[in-house]
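Below is one structure; the comments refer to it alone.
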Amino acid sequence: MAWHYRLKCIGCGAEFPPNTIIYKCSSCGELLSVEYNNDLMSPEISLRWASRPLTVWRYIELLPISDSSKMVSLGEGGTSLNRCVRLGCELNLKNLYVKNEGENPTGSFKDRGMTVGVTKALELDMKRVACASTGNTSASLAAYAAKAGLECIVLIPSGKVAFGKLVQAIIHGARVIQVKGNFDEALRIVEELCLTQPIYLLNSINPYRLEGQKTIAFEIWDQMGHKVPDKVIVPVGNAGNISAIWKGFKELYMAGLIEKLPEMIGIQSEGAAPIANFIKGGLKEMRFVERPETIATAIRIGSPVNWKKAVKAIKESGGLAETVSDEEILSAQALLARREGIFVEPASAAAIAGLIKLADMKLIDRDETVVCILTGHGLKDPDIVLRQFPKPVEIEADLEALIKIFAS
Ligand code: AN7
């Protein structure tokens with residue numbers, strides 16, 4: 001069978017045939033990327049897309065799957081691109097949009113990656129899948145593994161995963177293992193496990209998973225009438241998503257479907273900001289954060305494995321990186337909920353907090369088109385909200401008592 005793609009090392013350029021179980025380059029140890037055959041990269045590639053529903057699989061010609069009969073899907077993708085008139089007004093931005101990834105089946109963008117990654121696990125005839133996770137990856141993998149009938153193992157940092165996400169992994173039947181340590185440590189041991197046992201690793205060092213996530217870019221292009229925004233703002237943890245979205249835009253460009261590329265803006269939490277510190281500080285060497293800490297537990301990551309891909313995405317695109325405090329994240333979360341009716345988890349609110357900060361600093365022009373990626377649903381982490389707001393008042397079941405409340 002002729003393949004339409006191959007794996008390529010982002011460091012030394014070594015190429016590997018598709019359908020090899022490999023996560024890093026065997027000669028230099030760098031990350032791998034999926035590259036498509038040149039003859040696919042023409043505007044004709046999009047001819048068949050228009051007649052298909054807006055989902056991850058609309059773009060199958062640019063996905064690394066050969067046997068669509070094995071497809072494991074829960075209806076992921078096709079999330080709304082909402083125009084934010086009220087929030088935009090407040091920030092003095094005329095063309096503000098948010099892409100609401102919380103609408104995905106398990107409530108986060110991870111589903112785009114897992115539909116492709118778990119389909120790949122079946123193609124490779126793997127029976128067990130695993131990941132380390134700050135929560136959403138494990139929730140998503142657990143669901144897709146259940147759908148596919150695969151055994152699922154997830155490692156999470158002890159006590160640092162939002163309740164809703166933990167509950168998802170448990171109900172879908174994953175073997176949930178709490179690691180006394182942070183995400184970075186959990187990832188290190190699960191990677192070693194998968195290299196020594198027949199277990200398929202579905203963290204974002206898996207290049208196939210990121211292919212699913214790049215469809216965020218394709219959908220934005222489709223939803224904007226075959227145009228791309230000036231700026232795309234993405235919360236960054238392990239840095240897979242910003243890298244994937246940039247790859248998506250670049251493929252549209254290589255295929256001749258767009259004439260310009262958006263600037264990629266990465267936002268990290270102050271207490272877990274190795275990439276933002278590296279870019280903002282113009283550092284020569286990456287300094288990982290040994291003890292990452294932030295209220296946005298999804299992005300509580302100190303050694304992002306995809307940092308090289310992400311730095312390249314931000315620099316190549318002429319974008320930038322910024323940090324936001326926990327306070328700024330929580331206030332952005334409430335502002336978005338109250339102005340636009342969208343409830344996101346703190347990691348996603350980091351993108352809005354970054355937007356606010358950059359608008360204040362006049363780093364976004366009033367006329368520019370901006371898209372913020374809202375990566376996960378707010379209901380995954382309700383405790384955080386309850387802790388910040390006073391308890392609702394309680395009254396007797398009596399009209400007068402009710403009227404009294406409004407009078408006060
Ligand atoms: C809501 O679930 O890393 O920069 O293990 O859940 O691609 O890592 C989650 C990451 C942003 C950061 N927003 O994306 C995990 C995990 C939400 C997230 C990110 C995550 P990457």
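Just so you know, ligand 1 is whichever comes first in the structure, and atom 1 is the first atom listed for that ligand. All heavy atoms count here, side chains included; hydrogens, waters and symmetry mates do not.
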Problem - Mutual orientation of the aromatic rings belonging to Phe278 and Trp307 [parallel < 30°, tilted 30-60°, perpendicular > 60°] - result: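 Judged by the thresholds at 30° and 60°, the geometry between Phe278 and Trp307 is perpendicular.
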Would you say [X] touches ligand 1, if touching means a heavy atom closer than 4.0 Å?
X	value
Lys165	no
Gly135	yes
Ser108	no
Ile242	no

Exercise for the section: Kindly compute the distance separating NE2 (His377) from CG (Asn136), expressed to the nearest 0.5 Å. Expected result: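 So the gap between those two atoms works out to 11.5 Å.
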Exercise for the section: Return yes when atom CG of Asp39 has more than 12 non-hydrogen atoms of other residues, nucleotides or ligands closer than 6.0 Å, and no otherwise. Expected result: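 Atom CG in Asp39 is packed in, count exceeds 12.
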Problem - Backbone or side-chain N or O of Thr134 under 3.5 Å from ligand 1 N or O - result: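 Yes: some nitrogen or oxygen of Thr134 is under 3.5 Å from one in ligand 1.
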Problem - Nearest-option assignment for atom 19 (C) of ligand 1, heavy atoms, candidates Thr375, Ile299, Leu210 - result: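 Going through Thr375, Ile299, Leu210 one by one, Ile299 has the nearest heavy atom to atom 19 (C) of ligand 1.
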Exercise for the section: Out of Ala162, Ala244, Ala239, indicate the one that has the non-hydrogen atom closest to atom 4 (O) of ligand 1. Expected result: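 Checking each option, the heavy atom nearest atom 4 (O) of ligand 1 is found in Ala239.
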Exercise for the section: Give the contacting part of Glu345 toward ligand 1: side chain, backbone, both or neither, where contact means a heavy-atom distance below 4.0 Å. Expected result: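 The side chain, only.
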Exercise for the section: Measure across Ile275 and Ala310 and return the closest heavy-atom pair with its distance rounded to 0.1 Å. Expected result: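 Distance-wise, the nearest heavy atoms are CD1-CB, 4.2 Å.
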Problem - Ser317 side chain reached by Leu261 side chain, heavy atoms, under 4.5 Å - result: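 No; the side chains remain at least 4.5 Å from each other.
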Problem - Heavy-atom side-chain contact between Val179 and Pro157 under 4.5 Å - result: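 They are not in contact (no side-chain heavy atoms under 4.5 Å apart), so the answer is no.
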